[in-house]
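What follows is one structure encoded as structure tokens, with my remarks underneath.
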Amino acid sequence: MLEEVGCDYTLEYVALKKGAHKTESFKAINKMGKVPTLVDGEAVVSEVAAIGMYLADKFAPGRLAPALDVPERATYLRWICYGPSVIEPGCVAKSSNWEFNAGSAGWGTWDEMLETIDAAIGEGPYLLGETFSMADMLFGGTVGWMMAFGMLPKKPTWEAYIARLEERPARVRAKEINAKVAAEQGL
């Protein structure tokens with residue numbers, strides 16, 4: 001997200017295996033000890049969808065985030081939140097064989113979720129048609145992650161969508177940065 005918005009930033013490695021995210025100093029900025037956590041001056045933002053919305057609105061309004069007064073903003077907000085609020089819990093519920101009342105769960109049924117992902121990706125190339133947005137990074141990131149770990153089926157249209165996202169120059173740069181950090185940390 002930071003590479004895509006094009007802002008200056010400093011990436012700080014948090015050694016999860018050593019519990020660095022659960023230290024008092026880290027929990028002082030994020031009580032749950034979760035990553036990622038964005039610190040922008042005095043603003044602290046956690047939760048990946050909130051971070052994405054913050055970055056797009058602050059550094060790329062009209063480019064990665066539709067303006068507040070256009071109809072596309074509603075679709076953008078829906079898909080930017082869909083990954084963490086529907087796909088993630090839906091996949092965990094399915095893989096853990098949870099028994100639940102689909103009408104009471106915010107993610108509904110497995111089949112409805114899959115049909116909704118199909119509809120969102122549609123003909124593409126992006127969630128907002130020809131316009132790439134922060135919603136693609138978050139929704140697509142979740143779909144790609146879940147497919148990589150076998151928690152979502154690998155459908156040709158989904159794989160083509162993820163491939164388009166993976167080819168973006170900012171994504172390529174981010175993967176290179178992450179690989180360098182992983183190598184430096186011996187991961």
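There is no path of hydrophobic side-chain contacts, each under 4.5 Å, that joins Met32 to Val35. Both Trp110 and Met147 are part of a single hydrophobic cluster, where members link through side-chain heavy atoms under 4.5 Å apart. Following chains of ILVMFWY side-chain contacts shorter than 4.5 Å, one can reach Val14 starting from Val39, so the two form part of one hydrophobic cluster. Hydrophobic cluster membership is shared by Phe26 and Leu16, with clusters built from Ile, Leu, Val, Met, Phe, Trp and Tyr side chains linked at under 4.5 angstrom. Hydrophobic clustering (side-chain heavy atoms under 4.5 Å, transitive across Ile, Leu, Val, Met, Phe, Trp, Tyr) groups Met146 together with Phe149.
The nearest pair of heavy atoms linking Ile162 to Gly144 is CD1-N, 3.7 Å. Scanning both residues, Val181 and Leu11, for their nearest heavy atoms gives CG2-CD2, 4.1 Å. Contact record, Gly129 with Pro125: O-CD, 3.1 Å, taken as the closest heavy-atom pair. For Gly83 against Pro89, the heavy-atom pair with the smallest separation is O-CD, 4.4 Å. Pairing each heavy atom of Gly90 with each of Trp107, the nearest pair is CA-CD1, 3.5 Å.
Residue pairs meeting the side-chain hydrogen bond (donor to acceptor under 3.5 Å, both in side chains) criterion with at least one member in residues 131-141, sequence neighbours excluded, are Asp136-Tyr161. Under the salt bridge (Lys or Arg N to Asp or Glu O under 4.0 Å) criterion, the residue pairs touching residues 103-132 are Asp118-Lys155, with sequence neighbours excluded. Legend: side-chain hydrogen bond (donor to acceptor under 3.5 Å, both in side chains) pairs involving residues 66-90, not counting sequence neighbours, sorted by first then second residue: Asp57-Arg73. Note on residues 14-34: pairs passing side-chain hydrogen bond (donor to acceptor under 3.5 Å, both in side chains), not counting sequence neighbours, are Thr23-Ser25, Asn30-Thr37, Lys34-Glu47.
Side-chain contact check for Phe139 versus Ile117: some heavy-atom pair is nearer than 4.5 Å. Side-chain contact between Leu152 and Cys91 is present, with at least one heavy-atom pair separated by less than 4.5 Å. Residues Met134 and Val5 meet the side-chain proximity criterion, which asks for heavy atoms closer than 4.5 Å. In this structure, the side chains of Leu114 and Trp158 come closer than 4.5 Å at one or more pairs of heavy atoms. In this structure, Val44 and Leu38 have side chains that are not in contact, with every pair of non-hydrogen atoms separated by 4.5 Å or more. In this structure, the side chains of Met151 and Ile87 stay at 4.5 Å or more apart for every pair of heavy atoms.
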Exercise for the section: Check the pair Met113, Val86 against side chain to side chain contact (heavy atoms under 4.5 Å, CB included), reporting the backbone distance first and the verdict last. Expected result: CA-CA 8 Å; Met113 183 186 75; Val86 177; 3.9 Å; yes
Exercise for the section: Could you walk me through whether Glu4 and Met137 pass the side chain to side chain contact (heavy atoms under 4.5 Å, CB included) test, one step at a time? Expected result: CA-CA 9 Å; Glu4 195 72 58; Met137 279 183 266; 3.3 Å; yes
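Surrounding CG of Asn101 are more than 12 heavy atoms belonging to other residues, nucleotides or ligands, all under 6.0 Å away.
Rounding to the nearest 0.5 Å gives a distance of 8.5 Å between SG of Cys7 and NZ of Lys58. Expressed to the nearest 0.5 Å, how far CG of Leu64 lies from CG of Leu55 amounts to 9.5 Å. If you take CD on Glu3 and CG on Asn178, they are separated by 9.5 Å, rounding to the nearest 0.5 Å. Put simply, CD1 on Ile80 and CG on Leu138 are 5.0 Å apart, with the number rounded to the nearest 0.5 Å. Remark: Leu127 CG to Leu165 CG distance equals 8.0 Å, nearest 0.5 Å.
Evaluation of the salt bridge (Lys or Arg N to Asp or Glu O under 4.0 Å) rule for Glu166 yields Arg171, Lys175 as partners, not counting sequence neighbours. The side chain to side chain donor-acceptor pair (under 3.5 Å) check on Tyr54 picks up Asp40, with sequence neighbours excluded.
Glu184 and Tyr13 are not linked by any side-chain donor-acceptor pair at a separation below 3.5 angstrom, with hydrogens and angles left out of the test.
Put simply, the side chain of Arg164 never gets that close to the backbone of Tyr126: no donor and acceptor are under 3.5 Å apart.
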